Amino acid sequence: MEVSFGREARALRLGAGEVFHGEGILAITKALLQSGVAYVGGYQGAPVSHLMDVLVQSKDYLADLGVHVAACANEASAAAMLGASIHYPLRGAVTWKSIVGTNVAADALSNLASPGVTGGALIVIGEDYGEGASVIQERTAAFALKSSLVLLDPRPDLTHMVRMVEEGFALSEASNTPVMLQLRIRACHVRGTFVCKDNVAPAISAQRLRDAPAPFDYGRLSHPPSTYRHEKLKTSERIPAARRYIVEHRLNERFPGQRDDLGVIVQGGLYNSLIRALQELGLADEFGASELPLLVLNVTYPLVPDELGDFCLGKRAVLVVEEGQPEFIEQEIMAILRRLDVNTPVHGKDLLLMAGEYTIEVIARGVAAFAERHAPELPIGSGRAWLDGISARREGVSAQLAKPLPARPPQFCVGCPERPVFAALKLLQQDIGRVHIAADIGCHSFASFEPFNFGHTILGYGMSLASRAGVSPVMRRRALAIMGDGGFWHNGLVSGVQSALFNGDDAVLVILKNGYTSATGTQEIISTPDEEHKLHAPDKHKSLVHTNLAIERTLKGIGVRWLRNVDSYRVDEMRHTLREAFTTDFAGLKVIVAEGECQLERQRRVKPWLAGLARARKRSVRVKYGVDEDTCSGDHSCIRLSGCPTLSLKESSDPLQVDPVATVLDGCVGCGLCGENAHAAALCPSFYRGEVIRNPNWRDRMGAWLRHSVIRLLQPA
Ligand code: SF4
Ligand code: SF4
């Protein structure tokens with residue numbers, strides 16, 4: 001990738017006593033090294049991509065330290081990597097985005113949790129839940145419960161988060177149980193400081209090799225009858241050991257309050273929001289000291305019955321603040337209290353929302369309802385007025401806006417190579433009729449928005465081809481599956497292509513080969529153009545994805561007989577190739593590889609290069625498209641076919657032209673789609689291609705002078 005994480009990589013080298021400043025996810029990364037981690041793996045995805053990005057760019061330093069880093073093919077391969085900790089006293093950490101990544105990793109996680117671990121195993125989960133989330137709204141908690149994995153949910157404070165990483169490894173070793181450390185989006189991005197320790201070189205590593213493998217031990221295999229014993233061990237030894245560790249090391253925190261007759265139990269990750277809500281209600285001071293006693297669960301599984309009984313005993317009521325559904329924690333607390341014969345009333349989802357993110361406002365409404373029911377004397381008047389004010393403003397805004405605001409969906413970057421493919425598909429469907437489109441995860445899912453609205457289903461990363469398997473047999477026209485190269489390597493090759501070939505499916509697959517897993521931050525994959533090509537490409541504007549043929553070779557090797565490569569930006573050629581795929585007599589799988597390098601990544605290479613040329617006063621050329629407003633007919637079909645954000649509208653300077661005309665804004669990167677669309681769809685001839693030349697040479701100046709002279713001759717004053 002063209003982005004440099006040099007500053008972050010330097011932060012990983014900080015030594016004892018030095019102060020770290022930065023984001024939560026980078027603090028976690030540093031904490032792994034301070035904990036003596038021996039290996040780290042993962043699959044990128046917000047909000048934890050940063051962890052792998054920084055480690056991958058620090059490989060040389062980590063190799064010196066003896067830490068092995070692997071960018072895994074998917075979350076299943078990352079989870080399986082933790083198998084190293086089953087036999088060996090190696091501390092290992094892996095990371096991915098949840099819930100989707102945990103779903104992919106589920107098989108390996110179960111098979112890891114069953115035999116348990118010797119070395120500490122930590123799974124850093126980016127819990128993409130709530131406002132701004134990009135995945136299904138489910139929680140990781142269910143996986144922790146079903147597989148008996150410890151689930152940490154640390155209070156978002158850098159010092160505390162770092163401590164929980166260190167404790168997480170130790171807890172994993174004490175209980176022989178893999179530990180999940182859940183980080184919400186806000187926890188990953190919370191900024192702060194902590195005092196560092198030295199990084200610890202692992203005792204066994206590529207620098208300090210073991211002489212021999214562990215002895216054979218059938219009991220460490222997740223095979224029957226070992227699995228029956230594993231289940232017993234989980235309940236009789238591992239979970240009790242985890243509970244002991246949690247109590248002895250005070251992983252859960254109690255904060256006292258003035259009102260001992262009431263209490264709030266909160267997931268650690270929600271602590272900051274709870275304190276802010278209490279402050280708004282006048283129930284906490286500016287330093288966070290709360291009127292109500294708090295039990296902060298930095299470990300949300302397993303819960304410790306004695307801790308909960310002790311907190312709840314003698315209280316008139318407690319409120320459980322647990323985000324998301326089902327309310328696992330609340331239900332378990334009720335069961336624990338019932339077994340302990342502690343009859344304190346427990347509130348939770350009856351006063352707080354069942355689903356959705358627990359923002360400060362949501363928590364404040366729940367706490368206010370709790371206080372009004374059990375302690376009406378508490379002075380929350382100003383907080384209630386604050387909440388009522390929000391409601392009034394919301395109603396006022398709704399009343400003022402007779403219609404909802406126009407949606408502003410995300411969309412492809414300017415010049416994205418995937419947009420032209422969908423323009424071609426739009427044109428094709430005008431000719432052959434609508435087809436079933438199985439969409440996938442990745443940037444190309446932006447085609448589900450205007451002006452394309454493509455995609456009947458999205459079933460998971462790399463799952464598009466597999467997801468049309470039940471549709472193809474019942475469709476008169478062939479079904480189309482679209483996936484990116486990231487999705488192809490993640491799951492599409494095995495789940496989709498192999499299955500379609502094995503079953504002799506008659507289907508069309510378009511693989512958008514842009515060279516990176518772009519949607520997660522342009523991380524590299526096995527088909528990324530190599531650095532040599534990037535460094536020595538004579539024209540840095542050019543797409544380099546054709547320099548790596550790993551996808552094509554793999555498809556041919558596995559038995560794909562109908563395979564075409566098409567330049568993404570050649571709209572007409574793409575339309576013809578698609579038409580051929582939909583109409584050919586060949587009844588097997590037809591694969592079109594649409595080649596065009598991710599424009600975001602390409603521009604990261606091109607812009608510094610152009611800036612360097614300008615600084616050195618060397619000639620540089622930037623292509624830009626434009627619209628001749630005298631020729632523009634004003635029907636805007638170019639915009640409906642493109643959707644490029646820099647292809648916009650402006651008032652015409654011709655008083656007889658009432659409709660606005662198309663215009664190209666300055667952000668145009670000259671991808672050429674405007675011209676391609678105009679040609680393929682036979683649009684009006686208003687587009688022109690211009691070249692912006694900086695530091696022109698004498699030939700450029702001479703050419704410009706000649707052109708101007710001819711134009712002046714043809715247009716006498
Ligand atoms: S990141 Fe790359 S692939 Fe994704 S929308 Fe932008 S240009 Fe297209
Ligand atoms: S050529 Fe057209 S589609 Fe390409 S970046 Fe410029 S305005 Fe956008």
Side-chain angles (χ1 to χ4, degrees), residues 1-3 44-46 49 134 409-424 426 439-449 451-452 482-488 510-525 527-529 541 543-545 567-571 594-607 622-628 632 636-650 661-681 683-684 686-692:
M1 61 160 50
E2 302 289 336
V3 179
Q44 56 272 7
S49 288
S134 60
Q411 54 173 307
F412 297 108
C413 299
V414 173
C416 173
E418 302 187 349
R419 183 182 285 111
V421 178
F422 294 103
K426 199 166 186 177
D440 212 291
I441 302 288
C443 290
H444 45 89
S445 62
F446 293 145
S448 56
F449 298 118
F452 303 114
I482 295 173
M483 70 176 74
D485 41 7
F488 174 79
V510 172
I511 299 174
L512 297 158
K513 180 184 168 191
N514 65 30
Y516 310 84
T517 56
S518 301
T520 54
T522 62
Q523 287 81 9
E524 298 191 348
I525 45 181
S527 49
T528 296
H541 290 286
S543 164
L544 297 174
V545 287
D567 181 337
S568 296
Y569 292 102
R570 302 278 88 87
V571 175
E595 288 196 338
E597 191 177 1
C598 168
Q599 191 68 239
L600 181 66
E601 191 71 350
R602 201 176 343 163
Q603 288 303 316
R604 285 172 176 161
R605 185 168 69 237
V606 170
K607 282 183 177 165
R622 182 187 148 210
V623 175
K624 186 178 178 310
Y625 277 69
V627 176
D628 177 359
C632 175
H636 311 145
S637 44
C638 55
I639 292 174
R640 286 193 292 277
L641 207 49
S642 160
C644 175
T646 56
L647 183 53
S648 188
L649 293 172
K650 70 171 186 180
V661 290
T663 186
V664 175
L665 307 178
D666 195 43
C668 169
V669 294
C671 76
L673 173 61
C674 287
E676 286 288 329
N677 274 346
H679 169 68
L683 304 179
C684 70
S686 51
F687 283 95
Y688 63 83
R689 178 183 184 278
E691 289 186 348
V692 182

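Ligands are counted one by one from 1 in listed order, and the atoms in each one are counted from 1 as well. Computed over heavy atoms, backbone and side chain alike; hydrogens, waters and symmetry mates excluded. Keep in mind that this is a model prediction, so the values were computed, not measured.
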I'd like to know if the side chain of [X] reaches the main chain of [Y], judged simply by a donor and an acceptor atom lying under 3.5 Å from each other, with no hydrogens or angles considered.
| X | Y | answer |
| --- | --- | --- |
| H444 | E418 | no |
| K624 | V692 | no |
| S49 | T520 | yes |
| R419 | S642 | yes |
| S527 | G515 | no |
| Q599 | G415 | yes |

So which heavy atom in the protein is nearest [atom], and how far is it from that ligand atom?
| atom | value |
| --- | --- |
| atom 8 (Fe) of ligand 2 | C644 SG, 2.4 Å |
| atom 6 (Fe) of ligand 2 | C668 SG, 2.4 Å |
| atom 1 (S) of ligand 1 | C598 SG, 3.6 Å |
| atom 4 (Fe) of ligand 2 | C671 SG, 2.4 Å |
| atom 7 (S) of ligand 2 | T646 OG1, 3.3 Å |
| atom 2 (Fe) of ligand 2 | C674 SG, 2.2 Å |

For [X], take its heavy atoms, then give the atoms of ligand 1 lying under 4.0 Å from any of them.
| X | value |
| --- | --- |
| F412 | 5 (S) |
| N514 | 3 (S) |
| S518 | 1 (S), 2 (Fe), 3 (S), 4 (Fe) |
| C416 | 3 (S), 5 (S), 7 (S), 8 (Fe) |
| Q599 | 2 (Fe), 7 (S) |

Looking at [X], which atoms of ligand 2 are within less than 4.0 Å of one of its heavy atoms?
| X | value |
| --- | --- |
| V414 | 5 (S) |
| V664 | 7 (S) |
| G672 | 1 (S), 4 (Fe) |
| V669 | 5 (S) |
| Y625 | 1 (S) |

Taking all heavy atoms of [X] and all of [Y], pick out the closest pair and write down the distance.
| X | Y | result |
| --- | --- | --- |
| V421 | P417 | CG2-O, 3.8 Å |
| I639 | L649 | CD1-CD2, 3.7 Å |
| Y625 | G675 | CE2-N, 4.0 Å |

For the residue pair F412 and F422, does the interplanar ring angle fall in the parallel (under 30°), tilted (30 to 60°) or perpendicular (over 60°) class?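 Correct class here is parallel.
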
Mind checking whether atom 6 (Fe) of ligand 1 has an N, O or S of C413 under 2.8 Å? yes

With side-chain contact (heavy atoms from CB on, under 4.5 Å) as the criterion, how do T663 and V661 come out once you've worked through the C-alpha distance, each side chain's angles and the decisive distance to 0.1 Å? CA-CA 7 Å; T663 186; V661 290; 5.8 Å; no

Is it true that some N/O/S atom of C443, main chain or side chain, lies under 2.8 Å from atom 4 (Fe) of ligand 1? yes

Is there side-chain contact between V627 and F687, with heavy atoms separated by less than 4.5 Å?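 Yes, at least one pair of side-chain atoms sits under 4.5 Å.
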
Ligand 1 contact on L600 by region, counting heavy-atom pairs under 4.0 Å: both

